[in-house]
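Please read the structure below before turning to the comments.
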There are 2 protein chains.
Amino acid sequence: MKKGQSTRQMIVDTALNQSVRLGLEGVSLGNLAEDVGLSKSGLFAHFKSKEALQLAVLEEAVGRYMRLVVEPALKKPAGLPRVRALFENYLDWIAGEHEAGGCPFVTFVQEFDDRPGAIRDMLAKSQRQWRVGFASAIGTAMERKEIARRADPEQVAFELIGAALAFQTSLRLLGERGCRVRALAAFDRITS
Amino acid sequence: MKKGQSTRQMIVDTALNQSVRLGLEGVSLGNLAEDVGLSKSGLFAHFKSKEALQLAVLEEAVGRYMRLVVEPALKKPAGLPRVRALFENYLDWIAGEHEAGGCPFVTFVQEFDDRPGAIRDMLAKSQRQWRVGFASAIGTAMERKEIARRADPEQVAFELIGAALAFQTSLRLLGERGCRVRALAAFDRITS
DNA sequence: TTACAATACGACCGATCGTGCTATTATTTC
DNA sequence: GAAATAATAGCACGATCGGTCGTATTGTAA
């Protein structure tokens, strides 16, 4: 009862690490099996289909995101400090200080935003949840007058997410060293 | 001398349209050949390798971008109107009012930002050129005091590109109707 | 220790991948 | 028009794809 769960976890972990680089479709069962140290059929037995594996990978990514980005920020005081922690943790997540390879969601969204199906649905759902939660934290900061700006929280969330996305491209494609400073400057301007 | 060029162009056009949805790697020669109405080997003869085809596709994307986004904006007066035109044309390009499927560069960047090679190099080069040109237009608007804000043009370009990227996700994955208004609101705030 | 279920393996399927080689057409040039 | 050249089709290749099946091995509970 125990062995199966742990190897399954190892498979999903490895698959997520590969997915960040190759995309969800780019991960092949054969290559993944070799990486994990299993036979292809032995690996496949844990999932009834490749899509099921992809969904498990996506779920694992959400879990990691919660652990590394959201939960640490929830330990900060509500209001602007928490918003700032969410943003900075997100930058760290993108920069891959915890794991290597950038933000899996950005990769997956580009891959599946025009492919209807279970993965796109789960992706959209998790993105919506994240945006709602993020906007909620921003709303709290606004109620406390820690964000002087007059705008709805969703607009602020929209702009902050944009700054993070620009950060990702600048960092991972262009390799610009100053892009973290740019992202933080954008944060200050957006939340003031 | 003429026939080859025109069929080659048709191949690249079709390949670009497919690439926006499936990614550059996702386009298969067999499927593409069927779509164009050629045999697989007949199509392949135009390019010595798949990578050469991908590079041609990327070049075509740059050409379309110049035609649909940059050149129309250059007809506007220099300064803020031109910056605004660049931004709005970029939103249109993402929304796919001209062609269907979103911004190919965003897709390609996610696909190749961690895969060293000719494609990544060309992608980075074109992105740098675009950012430099965009920042230059912004700089002109600043010199004319049409952008009151005190910041370097690259910072403003960084934030505007971020707004456009957030627009892309909101539109194509989440299907939010109000995201164009959000992007334009971000533009006004960033350029003031 | 035995018995049963969970787990993993190897071989294999049809399909498709990118890529050559060889004819056979179209097209261009003289 | 013929000769030369470019363009396309047919076919096959080794590799790999996701997926299936029967069997062996292993872990677990009695």
Side-chain angles (χ1 to χ4, degrees), chain A residues 1-19 21-60 107-108 111-112 115-120 122, chain B residues 1-19 21-60 107-108 111-112 115-120 122:
Chain A
M1 281 281 195
K2 219 49 166 308
K3 182 83 188 314
Q5 296 290 344
S6 81
T7 56
R8 187 192 150 104
Q9 185 63 38
M10 191 172 307
I11 294 170
V12 173
D13 278 344
T14 309
L16 176 51
N17 290 335
Q18 287 195 6
S19 295
R21 286 179 285 117
L22 308 171
L24 280 173
E25 292 286 357
V27 172
S28 80
L29 299 181
N31 185 19
L32 178 60
E34 191 181 6
D35 216 5
V36 177
L38 281 180
S39 68
K40 189 169 63 157
S41 56
L43 183 146
F44 187 79
H46 285 271
F47 314 87
K48 294 168 303 191
S49 70
K50 188 180 185 183
E51 194 186 39
L53 168 63
Q54 292 172 330
L55 285 171
V57 167
L58 187 48
E59 198 177 2
E60 172 67 21
T107 304
F108 300 164
E111 206 177 349
F112 284 91
R115 294 192 214 179
I119 296 185
R120 197 195 117 112
M122 186 171 169
Chain B
M1 280 283 196
K2 220 47 167 309
K3 182 81 187 317
Q5 296 289 344
S6 82
T7 55
R8 187 192 150 104
Q9 185 62 39
M10 191 173 306
I11 294 169
V12 173
D13 278 345
T14 310
L16 176 53
N17 289 335
Q18 287 194 6
S19 295
R21 285 179 287 116
L22 308 172
L24 281 172
E25 291 287 357
V27 173
S28 81
L29 300 181
N31 185 20
L32 178 60
E34 191 181 3
D35 216 5
V36 176
L38 282 179
S39 70
K40 190 167 62 155
S41 57
L43 182 147
F44 186 78
H46 286 271
F47 315 86
K48 292 168 304 190
S49 70
K50 189 180 184 183
E51 193 186 38
L53 168 62
Q54 292 173 330
L55 285 171
V57 167
L58 188 47
E59 200 176 1
E60 172 67 21
T107 303
F108 300 163
E111 206 176 350
F112 284 91
R115 294 192 214 181
I119 296 185
R120 197 195 117 111
M122 185 171 171

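In what follows, chains are A, B, ... by sequence order, proteins preceding strands, each numbered from 1.
Not counting sequence neighbours, B/R8 has no partner by the salt bridge (Lys or Arg N to Asp or Glu O under 4.0 Å) test. For B/Q9, the side chain to side chain donor-acceptor pair (under 3.5 Å) partners at least two apart in sequence or on another chain are B/D13, B/E60. Qualifying side-chain contact (heavy atoms from CB on, under 4.5 Å) partners for B/S19, counting only residues two or more places apart in sequence or in other chains: B/L24, B/V27, B/V57, B/F108. Not counting sequence neighbours, A/N31 has no partner by the side chain to side chain donor-acceptor pair (under 3.5 Å) test. In this structure, B/D35 has no salt bridge (Lys or Arg N to Asp or Glu O under 4.0 Å) partners at least two apart in sequence or on a different chain. By the side-chain contact (heavy atoms from CB on, under 4.5 Å) test, B/S49 is found to be paired with B/E51, B/A52, residues two or more places apart in sequence or in another chain being considered.
In this structure, B/E25 and B/K50 have side chains that are in contact, with non-hydrogen atoms separated by less than 4.5 Å.
Closest contact between the side chain of B/K2 and the listed nucleotides C/dA8, D/dA9, C/dT28 involves C/dT28.
Taking a 4.0 Å limit (strictly below) on heavy-atom distances, residues 39-55 of chain B reaches DNA chain D at B/S39, B/S41, B/G42, B/A45, B/H46. Remark: B/S28, B/L29 in residues 28-35 of chain B come within less than 4.0 Å of DNA chain C through at least one heavy atom.
Salt bridge absent: A/R120 and A/E111 never bring a charged side-chain N and a carboxylate O closer than 4.0 Å.
Between the P atom of C/dA26 and the CZ atom of B/R8 lies a distance of 23 Å, rounded to the nearest Å. Regarding B/E25, its CD atom lies at a distance of 19 Å from the P atom of C/dT16, rounded to whole Å.
The shortest distance between the side-chain N/O atoms of B/T7 and the OP1/OP2 oxygens of D/dA7 is not below 4.0 Å.
Within the nucleic acid shown, A/V27 comes within 4.0 Å of sugar-phosphate atoms alone, with no base atom in reach, counting heavy atoms only.
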